[in-house]
Every structure is written in structure tokens, then in C-alpha cells.
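Notes to accompany the following structure.
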Protein chains: 2
Amino acid sequence: MKSNKEEKPYDVSRYRTPDGYTSDIAVFTITSEKTKAYAPPKMELKLMLIKRAQQDTEGNLNIEPGKWALPGGFVTPEETAMEAASRELEEETGIAGIHLKHFGVYDEPGRDPRGWIISNAHYAIVPEHRLFERKAHDDAAEVELFPVQDLEQHLLAFDHASIIRHAITHITRDLLQTTVAKQFLPELFTYSELQAVLLTITDDKSIQNEQAFARKIKTLPFIEAVEGQKTQRTSKLPTQLYRFIDAEVKQSIYTARH
Amino acid sequence: MKSNKEEKPYDVSRYRTPDGYTSDIAVFTITSEKTKAYAPPKMELKLMLIKRAQQDTEGNLNIEPGKWALPGGFVTPEETAMEAASRELEEETGIAGIHLKHFGVYDEPGRDPRGWIISNAHYAIVPEHRLFERKAHDDAAEVELFPVQDLEQHLLAFDHASIIRHAITHITRDLLQTTVAKQFLPELFTYSELQAVLLTITDDKSIQNEQAFARKIKTLPFIEAVEGQKTQRTSKLPTQLYRFIDAEVKQSIYTARH
DNA sequence: CAAATAGTGTCTTTGAGACATTATCAA
DNA sequence: TTGATAATGTCTCAAAGACACTATTTG
């Protein structure tokens, strides 16, 4: 861990410590647009960003004003960055108990004009309905949801453009390779709801095809049909409900079909 | 990113900064034991650990002496943790240009008795032959390779037991779901060599079976046979050599067979 | 020849893919 | 009845799995 080299009194770097440790959060939500009654929703993956104010509440100039940024804040010594993320998220949006995942650390020298500041980045999955009650934060001039496709064109603070790219890469991979998709869905869901979630980040043919996907969902070892449970929220015909079960998903590129 | 709350003068946490930022490295290697001539090697995944000395070269007591630990050290403001890992690895083992991957951050309050120290953890893949020239570091009483199975029984410094568990989880998943296995192999390799690497971390039936795996390797989109290239290092019969090619591997648990 | 690994032949079974068909219900 | 989604029937084709067998080379 620490080598003696740094502990020796003559080592100049001994007392160089970071100027700050922050936790940033890429808050993703999927908005469902009900096109009509008795039909599966059109879903779209969106990222929540905050527009940095010109000045803080004391009247001092803010840093990187007017740019869009990920919510976040400084971590205190009494908490982990994950706990800080959870706390910030609650302060920002008023919601707690959200799925959070670490996906990277940003420590490039010069990434933050304020000094040597290390950012621990997470993504969060927030079901749309829980975002309704969100409230503005003190330095957040605006809070807005952006479809993940057209994020490139906005002016982003610090190195957040890069962080956001990685966040999208990670959540996309996790949605396809783990069962996090359940964080976007109700406890019980139909095949077309799961399909709509997956289609926000993939255009895979066998996921696009209704019949194929409806058949496939029955064979997945980590999803089970809930006998006798049906809903009419996606069609006039009562539709089978499914739930995720705790089953370890082991996969390998050396055994899968290609 | 930073909220005004922390910038206000009355906020006590404003000046609380970490006492250090370290980079730790889980150095993995696969040792090949040639059981006999003209046979595939028996391979085993091992992790390199350092035994912390009782005192440093100045005669001061060292922290966590006698315990096994991951190599690593403090990150300076002029570098990223990844660069620090690369530098430390070179100082420690004399080797450069090694595959490194970030897999986690450790920032639990109290994890390090010296203060609020954040560890950015990476794993490294070092081919066995490059470890031969490794040399002892100044505070490393001993350097040793441990098979990943029997790491639990050793006394580990700080929270390294936990970090190591995560490192093994991550490298295992990456070996099966990405093409990092190539980091353990020569440029050109036989099906049985790749098989031996994979069998260090899985007991999957279709990887264990020679015929099945020999057939499967020909169909993998990210591996190609190198026409006309054969070797006799794994058998008396000249054997086809393969190489990894740059092909994007997209997989999904919703489309794979289960 | 014996032994060991590499590689093929072939049969069975499973599931993916495609396409058509049926079921159910609201408007 | 129309229109929409859900669900099934069925056929084809590709690949997985299993097992036997052949090929090549060294000692």
C-alpha cells in the first residue's frame, strides 16, 4: 500500500494531498409515453442534468456557470462516496433507496480548475414516477432530462462530457448483461414492458421481434412467470406478468452463440 | 458537481480534504507448469502479494507490519491513479507496458489507520515470464505468488482482503466476458492454451471438453486461425495457431442460450 | 507399437428464426 | 366488426452435445 519512500521526511510528495473528493451521479430514468390506451408504452432513456447557476446564494460567482453538469458534491470523511451520492441524490430530488453503481474515477490532473479534485462517479436508476416530486437545489438554476442520444450538443461543465459517455456505456452494458433492467420496471411486468426497456439501448433483432421475445422470456432462468397474475395495462388481452428471480447469471463469450 | 452549500464560509466541511490518495494493484499472473513434453501446460491463476516489513529503511516502525498486502503507493497530483499504478508496478517488478484495469474505489471511513485515505484499485495482468526479473522493493520483506483459492487464510493488511475478493470477481468476469484472456497468452496460441487459461477460473463443461472447445474456437468471431501456422509445443501433432482479432463482442443475457 | 493430443464424422436434440394462425377484449 | 396486442402451431435450419473414430508424431 503506502511505500516507505513516501514516508521518508525528505520526500517532497509526502504532504501532497488532494484538494477535494467528490461524488458525481449520472441519474438515469426511462420516460414512458403512453401513446394510447391498451398499448405498450414508448420508452426513452434519459439523463438528468443540472444547469449551473451564475452565482451562489451569497452572490459570489459560481464556477463553470451556465453549463450543464451532473449532480454531486463533496464527500465528507464520515461517509463513502456511495453514501454521499445517495445523500446528494436525496437532497437534490427528494428520493431515497435508489439503485446506485460505481463506474469510474476521474482524476486527470487539471480536470477541475479548482485544484486536485478526485471524482468518484456513479450511475443511478430512478423510476420515472419517483422523479415527479423532485425539487430544485440551491445552486441548480435548472434541472432537465435529456435523451441520451442528444447529449453531445450541450455545453457540459468540467470533464462531464467524458464521464457521461462512460456512464452511458456502463449502463448499456449492465442492462444487457445483468438484471438491472428490473430497476426500471415495477415488481411485476409484462414481456412488452421489459422489451420496451431493452429497446431504449439496443436494436437487437430478437429483442425487437414481439413473438420471439415473448417466447424467449419464458425460457430465461432469471425470470419467472407469476401464475394467475395478468394485467391489461399494455393490451386489451389480459397479459401474463413476470418477475425477476435471484438467479446467478453466468455467461461467457466462449460458450455463447455468435 | 460542487454545490454552493459546501462553498459557503459557514460550512464546516469545506476544508476537509482527504489525507491521501493511493493506487493499489492486484497483480495477477498465470503460472504454467509443464507436466511433460508435448502436452498442454497445467495453468494456475496467482496473485502477487508483498509482505510488509517491520520497519522502513530509516529504522522507523512500519504500519501493519508482517501482513501481506497489495503493492501500491501514493498518487501524486501530476498523475492519474492508473499512471501511478503503472509507475509503481515498474518500480516494484521492473516491468512496463502491462494491461491495467480499474475495478473499484475503497473509501470506507476507518479503512486505513493513518487517516482518510482513498484507494483506487486496479488489477494488472502480467505474463509469467515477465515476472522472472522482478526485484524486491525497499519496504517489501517478501514478494510471493499465491494461488487465488487459498488467499483467505493469510493475514492481510488494511481492507485488502475485501479488495482482493473484488479483484478476483472482476478478473473472472472479464476473462469470460471480454477478450482479456489474450493478455495471458502469446500472440499466437493453440486452442488448448486458451482452454487452460479459461479453466483457471471456470469449470464450464463446454470449455472443459477438448473436442467441444476445439470446434468452438473456430466459430468465435473475435478469434481467427492463422493459416499455415502450427506449433508442436502442446503436442506431438502439429497444432493450429490462433490469434485474437479486434471484433466488438456484444452479448446479452436476453438473447443468449441458457 | 503405445501413448498422447489434435482433429473429424455423424447422429441426436435443442433452440432460434420465420411465418402463419388463433385468442381476447374494447371501441 | 375492426383493430390492437398476446400467444401458439409448425416448419426449417444451425448449432450444441455426445461419442466414436482417425491422424500425427515421439519414444
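Below, chain A is the first sequence line, B the second, and so on; all start at residue 1. Keep in mind that this is a model prediction, so the values were computed, not measured.
- Rounded to whole Å, atom C1' of C:dG15 lies 16 Å from atom CZ of A:Phe213.
- With distances taken from any side-chain atom of B:Ser235 to the nucleotides D:dT5, C:dA6, C:dA26, the minimum falls on C:dA6.
- With hydrogens and angles ignored, the 3.5 Å screen pairs no side-chain donor or acceptor of A:His170 with any backbone N or O of A:His102.
- Between A:Tyr242 and A:Phe189, the two ring planes are tilted [angle within 30° to 60°].
- Residue A:Ser192 places none of its side-chain N or O atoms closer than 4.0 Å to OP1 or OP2 of D:dT5.
- Comparing B:Glu210 and A:Asn209 against DNA chain C, the residue whose closest nucleotide sits nearer the 5' end is B:Glu210.
- Taking atom CD1 on B:Ile217 and atom P on C:dT8, their separation rounds to 13 Å, with Å as the unit.
- Between the CD atom of A:Gln240 and the C1' atom of D:dT5 there is a distance of 15 Å, given to the nearest Å.
- Contact annotation: B:Thr239 side-chain N/O to C:dG7 OP1/OP2 distance is not under 4.0 Å.
- Following rounding to the nearest Å, A:Lys230 (NZ) and D:dT5 (P) show an atom-to-atom distance of 17 Å.
- No engagement by B:Thr255 is indicated, since no non-hydrogen atom pair under 4.0 Å with the nucleic acid exists.
- The separation between A:Glu193 atom CD and D:dT5 atom C1' is 13 Å, rounded to whole Å.
- Atom pair A:Gln211:CD and C:dG17:P shows a separation of 13 Å (rounding to whole Å applied).
- A:Phe213 and A:Tyr191 have tilted rings, their planes meeting at an angle from 30° to 60° on a 0 to 90° scale.
- Each of B:His258 and B:Pro238 has a nearest nucleotide on DNA chain C; the 5'-most of these lies closest to B:Pro238.
- Within 4.0 Å of A:Thr234, counting heavy atoms only, lie sugar-phosphate atoms of the nucleic acid but no base atom.
- Considering only heavy atoms from C-beta on, A:Glu152 comes within 4.5 Å of A:Arg165 through its side chain.
- Note on B:Lys218: a side-chain N or O is less than 4.0 Å away from OP1 or OP2 of C:dT8.
- Atom CG in A:Leu237 sits roughly 10 Å away from atom P in D:dT8 (whole-Å rounding).
- Contact annotation: B:Tyr191 reaches the phosphate of C:dA6 (side-chain N/O to OP1 or OP2, under 4.0 Å).
- Per the geometry, NZ belonging to A:Lys216 stands 9 Å off P belonging to C:dG15, to the nearest Å.
- No engagement by B:Thr190 is indicated, since no non-hydrogen atom pair under 4.0 Å with the nucleic acid exists.
- Residue-to-nucleotide proximity on DNA chain D shows that, of A:Lys236 and A:Arg215, the 5′-proximal contact is made by A:Lys236.
- A:Lys205 comes within contact range of no nucleotide atom at all, as no heavy-atom separation falls under 4.0 Å.
- Looking at B:Glu128, its side chain does come within 3.5 Å of a backbone N or O of B:Ser32 through a donor-acceptor pair.
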